[in-house]
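The block underneath contains the structure these notes are about, expressed in structure tokens.
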Amino acid sequence: MGMEEGELVRRTRFKRIAVGVTVVVLTFLAVLRFLDLAARRERVVAAGDARVLNLTHILARYVIEAFAASDATLRQLTVLNVRLGGPGAPDAEWQPPLAAAQAGISSVGSISVMDREGIIRHSTLPGLIGQSRREEFMFRTLRTDTTVRPLISTPFPALFNPVGGFVIPIGRRLVDAKGNFDGAAIATMFPDSLRDLFGTVDVGRDGMISVLHTSGVVLLRVPSSGNTIGGNAANDPLLVAARQRGTGTFRTEATASRPALRNAVELLEPQSLVVAVSLGEREVLANVNRDALISAVVLGAIAVLAAVTLGAMFRQVDRRAAMLAVAERSQHLEALGRLTGGVAHDFNNLLAVILGYASLIRSDPASPTHEEDQEALGEIRAAATRAAVLTSQLLAFARRQPLQPRRTSFTEIVRQMESMLLRAVGEDVTLRLNLGEAGQVKVDPVQLDTAILNLVVNARHAMPKGGLLVIETGRVFLDDHYVRGNPEATRGPYAFVTVADTGTGIAPEVLTRVFEPFFTTKPTGEGTGLGLSMVYGFVRQSGGHARVYSEVGHGTTVKLYFPLVEGEETQEFKVRTDAVPRGAGEVILLTEDDRALRSGASRMLESLGYRVLAARDGPTALALAQREPRIDLLFTDVVLPGSMSGLELAAELKRRRPEVPALFTSGYSLEIIQHRTAVAELHLLAKPYDQDTLARAVKQAMDARE
């Protein structure tokens with residue numbers, strides 16, 4: 001138990017380390033990718049901010065140029081004012097140059113000339129002539145402001161424009177020949193004229209271009225779902241940011257009606273305008289977000305692949321541990337079998353003597369007739385009888401388990417064991433397979449697996465510092481010359497498997513004893529000395545021959561020979577490919593005392609389409625059968641706890657329900673069960689079993705009743 005617990009601890013530690021390393025590696029990859037994406041996101045955001053700022057600057061220059069064209073016309077009018085003698089000149093002299101100026105600039109709505117009293121004297125819109133603008137902000141500012149610059153005022157509705165909208169007034173101060181204030185020239189500009197150019201700028205699905213007046217009026221938004229010109233922009237984040245920083249970039253958070261935006265603004269102070277460009281943040285980061293999603297999917301796939309790989313590796317580790325445990329238990333059982341068989345045999349002889357003499361004394365007429373003496377003789381006989389029963393049980397334990405031979409290919413066996421053998425030899429030992437066509441032999445494949453694993457483990461122990469391990473399969477004919485030197489062999493064709501190592505080798509005085517039970521060259525407490533003896537016994541029981549070649553310092557070669565099966569149809573040792581039979585709601589009464597195995601068998605049967613009634617012993621199974629009107633199969637372990645075995649359970653259920661067939665399962669072989677119970681025919685599923693094997697066994701047992 002101590003060795004099993006130690007092996008379990010080692011396997012658990014190995015699994016924890018493997019899982020820990022995998023988690024660390026995956027975490028490292030995830031963190032590394034996260035940092036890379038974070039750095040890339042910062043770079044993309046910086047590039048997006050630079051792009052939006054450049055677009056804003058370019059569009060602001062265009063807006064300036066658009067207003068500059070209108071201002072150029074006003075500058076020409078200031079020169080014309082001196083030449084014509086001021087706003088008081090006849091309208092016939094002012095109209096031609098005003099009309100020509102308006103025709104030259106498509107974005108201008110109207111051009112008007114006011115005298116020094118603020119009265120409109122001339123205009124391209126006749127309806128404006130005679131109106132007073134004396135109290136308006138623009139006239140009052142131009143009258144008092146002597147600086148030579150255009151003045152842009154607050155937008156107002158285009159009352160005389162047939163399409164409506166807003167216009168932005170642009171004015172210049174008029175002076176006479178002496179430089180005195182002589183009135184004002186006013187042009188109105190349609191901001192919507194900028195839309196054609198702005199519409200060619202790609203700002204994406206969520207982006208937007210805005211032109212705002214510093215007074216808090218929206219002049220233009222592109223694209224726009226409606227006419228936003230003239231809307232209130234006093235609290236617009238773009239205008240607030242322009243007032244605070246003049247020119248720069250910033251981010252606005254997402255709202256219910258608007259996604260997160262990367263914005264840039266530029267304040268045009270002489271024109272009292274703000275130009276802003278906004279780009280949708282999710283579009284700016286589209287490639288980064290896509291790569292993040294791909295990375296998440298890839299990391300998830302790697303995690304799943306790692307989990308599957310670890311699961312497969314852990315299954316191999318568990319399988320190897322199970323194989324090693326089987327080999328170790330086989331060695332111990334072999335030793336216990338020999339010891340128990342010998343002791344039980346001798347003890348049985350002694351009991352026969354005791355029982356014989358006790359019978360003679362009791363039947364001898366001259367023997368004591370006292371009641372006490374007769375009672376003592378009876379106790380002696382009873383005790384001896386009970387001891388005889390005990391020795392019979394010990395002898396039953398000492399019997400060898402019958403083999404289950406079938407056609408087997410050495411090449412296929414070794415090929416299927418390769419991954420497990422690689423783990424068994426360790427990283428410091430190189431495993432090389434030379435797999436030739438060995439032909440077919442009739443052996444127990446499970447015992448052959450165990451024998452090869454035993455030889456590989458011995459070879460690994462012989463190479464503590466690493467080395468080369470070669471496994472070779474093939475066929476050979478053992479002739480008379482070989483048989484004369486090896487009396488155990490017989491002449492004929494053989495398949496062979498060779499396990500050769502470059503280890504420490506075996507001394508000549510030891511070589512002749514390697515197959516003896518309990519003989520070992522390992523230190524005390526390491527090994528039982530039964531590994532090679534078990535291999536030898538298996539080979540001999542299979543009609544084969546074993547041979548060991550070794551030299552100290554050069555390594556050891558073990559060859560196992562098995563008679564070839566000739567003249568029969570070849571059946572490769574491979575997985576069956578026919579369809580797995582399934583149930584259609586049939587009821588199976590499952591009886592198994594091992595809780596884990598009972599649960600696993602129930603799940604496998606239910607997944608195959610059967611309904612399962614599970615019990616841990618015979619009486620519980622019979623109670624379930626009493627309540628269940630339909631039972632299609634009894635699936636029971638042979639050995640059950642309590643007084644009722646699986647065979648007795650089947651017999652009792654058969655008495656109550658003759659139509660119910662039985663399928664037995666056991667770790668014992670069919671031959672041993674039949675020998676112990678004298679049952680001629682029964683359906684047996686050997687433990688352990690997988691779902692496919694279980695499905696076929698259940699189907700076969702059910703079909704047999706028909």
Side-chain angles (χ1 to χ4, degrees), residues 7-53 202-207 249-263 278-322 415-431 575 596 599-600 603-604 607 690-692:
E7 176 64 22
L8 180 60
V9 170
R10 285 192 292 273
R11 278 189 288 147
T12 302
R13 184 183 299 115
F14 168 76
K15 291 179 180 180
R16 288 177 178 174
I17 292 175
V19 172
V21 170
T22 303
V23 170
V24 169
V25 171
L26 290 178
T27 303
F28 173 76
L29 291 176
V31 170
L32 192 64
R33 184 56 176 160
F34 173 78
L35 294 176
D36 177 66
L37 288 173
R40 183 180 172 191
R41 186 182 189 280
E42 292 182 0
R43 293 194 298 270
V44 170
V45 167
D49 288 346
R51 175 172 176 260
V52 75
L53 187 61
D202 182 16
V203 292
R205 184 178 58 185
D206 299 330
T249 60
F250 66 100
R251 178 181 185 271
T252 53
E253 298 289 343
T255 63
S257 60
R258 182 184 62 190
L261 299 173
R262 311 298 304 190
N263 309 284
S278 302
L279 298 178
E281 188 174 71
R282 62 184 177 185
E283 295 177 346
V284 172
L285 297 173
N287 291 336
V288 176
N289 294 335
R290 182 196 61 202
D291 290 348
L293 178 60
I294 293 174
S295 298
V297 172
V298 171
L299 286 174
I302 292 175
V304 172
L305 180 61
V308 172
T309 303
L310 285 176
M313 183 174 65
F314 291 163
R315 286 192 294 272
Q316 289 291 343
V317 170
D318 291 339
R319 181 186 175 192
R320 170 177 170 263
R415 182 177 290 115
Q416 292 181 0
M417 294 180 65
E418 182 177 0
S419 60
M420 180 181 65
L421 295 177
L422 284 171
R423 291 174 174 82
V425 300
E427 296 181 353
D428 55 347
V429 175
T430 301
L431 177 65
V575 178
S599 175
R603 293 180 62 181
M604 286 190 288
S607 67
D690 57 16
Q691 188 175 33
D692 291 357

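Since we're looking at a predicted model, the values are computed, not measured.
- Side-chain contact between Thr12 and Arg16 is present, with at least one heavy-atom pair separated by less than 4.5 Å.
- Expressed to the nearest 0.5 Å, how far OG of Ser278 lies from CZ of Arg251 amounts to 12.5 Å.
- Between Leu26 and Ile302 the shortest heavy-atom distance is CD2-CG2, 3.5 Å.
- Looking at every heavy atom in both residues, Val288 comes nearest to Leu37 through CG1-O, 4.2 Å.
- The minimum heavy-atom distance linking Gly204 with Glu283 is given by the pair CA-OE1, 3.3 Å.
- Within 6.0 Å of atom CZ in Arg258, more than 12 heavy atoms from other residues, nucleotides or ligands are found, so the atom counts as buried in its surroundings.
- Shown here for Gly280 and Leu261, the closest heavy-atom pair between the two residues is CA-CD2, 3.9 Å.
- Looking at Asp291 and Arg33, their side chains come closer than 4.5 Å, going by heavy atoms from C-beta outward.
- When all heavy atoms of Thr22 and Ala306 are compared, the closest pair comes out as CG2-CB, 3.7 Å.
- Note that CG of Leu53 and CG of Asn263 are 11.5 Å apart. Values are rounded to the nearest 0.5 Å.
- Here the options are Val45, Leu285, Asn287, the test is side-chain contact (heavy atoms from CB on, under 4.5 Å), and the partner is Arg40; only Asn287 passes.
- In terms of heavy atoms, Arg51 sits closest to Leu279 at NH1-CD1, 3.1 Å.
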